[in-house]
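When a residue number appears, it is its place in the shown sequence, counting from 1.
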Amino acid sequence: MGVEEEVKEEDEEGWRRTLMAHMGERGGQAYGKRQNGSQQSPDGGMYSVEWSSDRLQEMMCPPLPGQVPVEPKVTWTRLTAQGAVEASPANKNSTDALPLDEVDGNVIHTVKRSVFSESQPSPLKEPLTLAAVSQDVLRNILDLNESVIQNEEFVRCVSGGKLFPGSVPLAHRYGGHQFGYWAGQLGDGRAHLLGEYTNRKGERWEVQLKGSGKTPYSRSGDGRAVIRSSVREFLCSEAMHFLGVPTSRALSLVVSEEPVWRDPFYNGSVIKERGAVVLRLAKSWFRIGSLEILTRTGELDVLRTLLDFVIKEHFKSIATNDPDKYVVFFSRVLNETAHLIAHWMSVGFAHGVCNTDNFSLLSITFDYGPFGFMESYDPNFVPNTSDDEGRYSIGAQANVGLFNLQKLLEALKPLLTSDQLSQSQQILREYPQIYHQRFHELFKAKLGFLGNEEKDSYVIAFLLKLMEDTGADFTMTFRQLSEVTLSRLQKGSFAPSLWALSDLSSHKHFRDWVQLYLQRLSRIMSDSDEERQHRMQGVNPRYVLRNWMAESAIRKAEKNDYSEVTLLQKTLMEPFMEQEEAERAGYASKPPSWAQQLRVSCSS
């Protein structure tokens with residue numbers, strides 16, 4: 001009997017369960033038109049402020065005395081059910097597309113027949129500190145020179161203290177299923193959409209502040225965010241981007257002395273923290289809950305208008321006159337959501353709060369809260385201490401994705417014919433296969449496999465079972481497999497620097513797995529060990545934003561020391577490259593003992 005048959009016979013079901021658990025088997029343009037009131041175009045249409053790269057530079061770094069400021073270019077358009085068209089008397093009253101709330105100000109109320117509400121940011125109390133800036137976002141998305149960050153106007157602009165010319169800040173109305181139950185109206189309770197920016201590459205990015213004060217959707221909240229949650233969002237947004245995971249981005253982190261009171265673990269222990277604001281960007285902030293609330297309230301005309309807008313602006317390959325465009329849209333979202341969650345799994349990322357109001361229609365990762373990168377491999381890893389039942393454990397994310405897509409289909413249902421609904425239900429049934437296929441592709445790449453073999457899934461499952469039994473570190477097990485030579489792996493004795501493999505090798509079946517793994521690699525034609533290592537090191541990061549690393553940076557930031565925020569930001573920009581400073585900081589070492597006691601929650 002061969003090694004595979006012998007091991008498989010002993011505990012095949014255990015490895016199958018492990019794999020199944022891990023795979024989830026259990027900007028310038030402001031959208032809106034006020035129906036009555038001010039802030040309209042002269043003809044009653046929607047406003048659109050176009051920010052050029054030169055203009056944005058000037059906004060954040062005003063002209064010197066004697067220089068003539070340039071006025072922003074303002075054009076007026078009107079959104080119709082068919083999309084954005086030039087305003088004219090003929091279409092002036094054709095539809096109230098993406099309508100704005102008729103209630104002025106930040107009065108908290110139930111919003112009806114609206115997608116957005118106008119809402120002014122509340123400036124943080126000065127003095128303000130620019131704690132961090134993403135140079136990549138600054139240069140490559142916003143086309144700005146790094147010199148702008150030296151200007152006080154920049155800090156005011158990115159913290160809500162000063163608006164860009166022409167900007168009419170908006171808060172978005174949405175609902176959502178939270179922990180499986182419909183929660184009603186939610187919305188941007190502490191975020192303000194400043195507008196949309198089109199950069200020199202033709203990319204359009206929606207610019208939003210988070211932690212910038214109350215909106216009509218704040219409910220009982222104060223509209224603020226604190227340092228600890230803002231540091232985590234800033235760092236993780238950028239870290240995920242450089243890991244290659246679709247994500248929102250973060251330009252800046254501004255910290256104030258403004259006191260903010262929070263109960264971090266909902267146990268009655270209220271503490272004083274400090275307010276902070278993150279300026280973040282995404283191609284779109286629309287989410288499943290954006291559509292759900294319109295269906296739930298019977299606003300089907302607004303639902304159709306919003307959906308047509310989303311398709312026209314963000315799914316340009318879908319023909320706007322296609323009678324099946326909503327079915328095609330659902331299929332695209334389903335495919336990309338499956339791919340996104342598989343990508344999360346491949347880097348050991350648990351979002352923590354996978355509610356429908358946190359799931360993007362564009363299938364990007366956003367709304368970073370009580371997330372976590374798994375350390376010791378455990379498919380039941382739950383980063384969020386508020387998640388008592390483990391609904392959003394890392395191993396449950398694929399199933400939660402299916403649940404959220406079911407809710408998306410329910411939101412679309414009123415706009416579908418019976419045949420289209422049947423097609424969409426069939427598409428929904430294909431989700432597990434799409435997810436599993438992408439999961440296997442990513443994990444085969446992590447192991448350096450080329451081509452496809454029938455038993456690749458078994459080799460993956462076998463390894464994950466060994467990792468689960470030994471508590472081996474997820475990130476560093478794969479990374480050290482990419483760094484060790486095959487001859488050293490076969491010998492099975494590892495230097496202290498290969499601590500994750502050393503932990504893994506304590507399993508009684510470790511050598512059996514190594515034999516299967518080496519046999520699989522030997523069948524790759526014309527492949528050297530160096531080529532394998534290079535391949536694997538390109539997909540297996542050496543550094544991820546572990547909670548203990550974020551916590552270390554937060555503790556220093558709360559004492560006005562932002563050095564570790566800077567170091568982490570620098571490190572996580574090149575997560576696949578070994579870096580001297582990061583090594584000295586212990587970012588690739590065994591997590592410190594105190595890391596096991598860390599807790600994160602929804603409180604932010």
Distance-only, no hydrogens or angles: does the [X] side chain make a donor-acceptor pair with backbone N or O of [Y] under 3.5 Å?
{"X": "Tyr587", "Y": "Gln579", "value": "no"}
{"X": "Gln178", "Y": "Asn355", "value": "no"}
{"X": "Glu336", "Y": "Ser363", "value": "no"}
{"X": "Asn404", "Y": "Cys354", "value": "yes"}
{"X": "Glu257", "Y": "Arg274", "value": "no"}
{"X": "Glu206", "Y": "Ser284", "value": "no"}
{"X": "Lys446", "Y": "Ser346", "value": "yes"}
{"X": "Ser212", "Y": "Gly160", "value": "no"}
{"X": "Lys201", "Y": "Asn140", "value": "yes"}
{"X": "Ser290", "Y": "Arg287", "value": "yes"}

Inset, instruction - For a side chain to side chain contact (heavy atoms under 4.5 Å, CB included) with Thr337, tell me which candidate from Leu408, Leu405, Ile434, Ile288 qualifies. - result: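 With Thr337 as partner, side chain to side chain contact (heavy atoms under 4.5 Å, CB included) holds for just one option, Leu405.
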Looking only at side-chain N and O atoms, does [Y] offer a donor or acceptor that is under 3.5 Å from a partner on [X]?
{"X": "Asp136", "Y": "Ser134", "answer": "no"}
{"X": "Tyr368", "Y": "Ser237", "answer": "no"}
{"X": "Thr247", "Y": "His241", "answer": "no"}
{"X": "Ser376", "Y": "Asp378", "answer": "no"}

Check [X] against [Y] and note the closest heavy-atom contact, atom names and distance.
{"X": "Glu583", "Y": "Arg542", "result": "OE2-NE, 2.8 Å"}
{"X": "Val347", "Y": "Phe373", "result": "O-CD2, 3.5 Å"}
{"X": "Gly213", "Y": "His192", "result": "O-CE1, 3.5 Å"}

Legend entry - Lys272 atom NZ, over 12 foreign heavy atoms within 6.0 Å: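 No, not enclosed.
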Inset, instruction - Give a yes or no on this: more than 12 heavy atoms of other residues, nucleotides or ligands lie within 6.0 Å of atom NZ of Lys559. - result: no
Inset, instruction - Tell me, please, whether Phe315 has Arg332 positioned over its six-membered ring: NZ or CZ under 6.0 Å from the ring centre and within 45 degrees of its axis? - result: no
Inset, instruction - Would you kindly check if the NZ (Lys) or CZ (Arg) of Arg232 is within the cone defined by 45 degrees around the ring axis of Phe371 and under 6.0 Å from the six-membered ring centre? - result: yes
Inset, instruction - Using the side-chain contact (heavy atoms from CB on, under 4.5 Å) rule, take Glu233 and Ser230 through it: C-alpha gap first, then chi angles, then the decisive distance, then the call. - result: CA-CA 5 Å; Glu233 170 132 12; Ser230 301; 5.8 Å; no
Any salt bridge linking [X] with [Y]? Criterion: basic side-chain nitrogen under 4.0 Å from a carboxylate oxygen.
{"X": "Glu273", "Y": "Arg224", "value": "no"}
{"X": "Arg249", "Y": "Glu238", "value": "yes"}
{"X": "Arg584", "Y": "Glu580", "value": "yes"}
{"X": "Glu153", "Y": "Arg156", "value": "yes"}

Legend entry - Proximity of Phe286 and His172 rings by center, below 6.0 Å: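 Yes: the rings meet the under 6.0 Å criterion.
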Inset, instruction - Just jot down the side-chain contact (heavy atoms from CB on, under 4.5 Å) partners of Met573, sequence neighbours excluded, or say none. - result: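 Applying side-chain contact (heavy atoms from CB on, under 4.5 Å) to Met573 gives Phe242.
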Legend entry - Gap between atom CG of Leu362 and atom NE2 of His314 - 0.5 Å precision: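 Reported value, rounded in 0.5 Å steps: 6.0 Å.
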Inset, instruction - Assign the ring pair Phe474 / Tyr377 to parallel, tilted or perpendicular, where the plane angle (0 to 90°) is split at 30° and 60°. - result: parallel
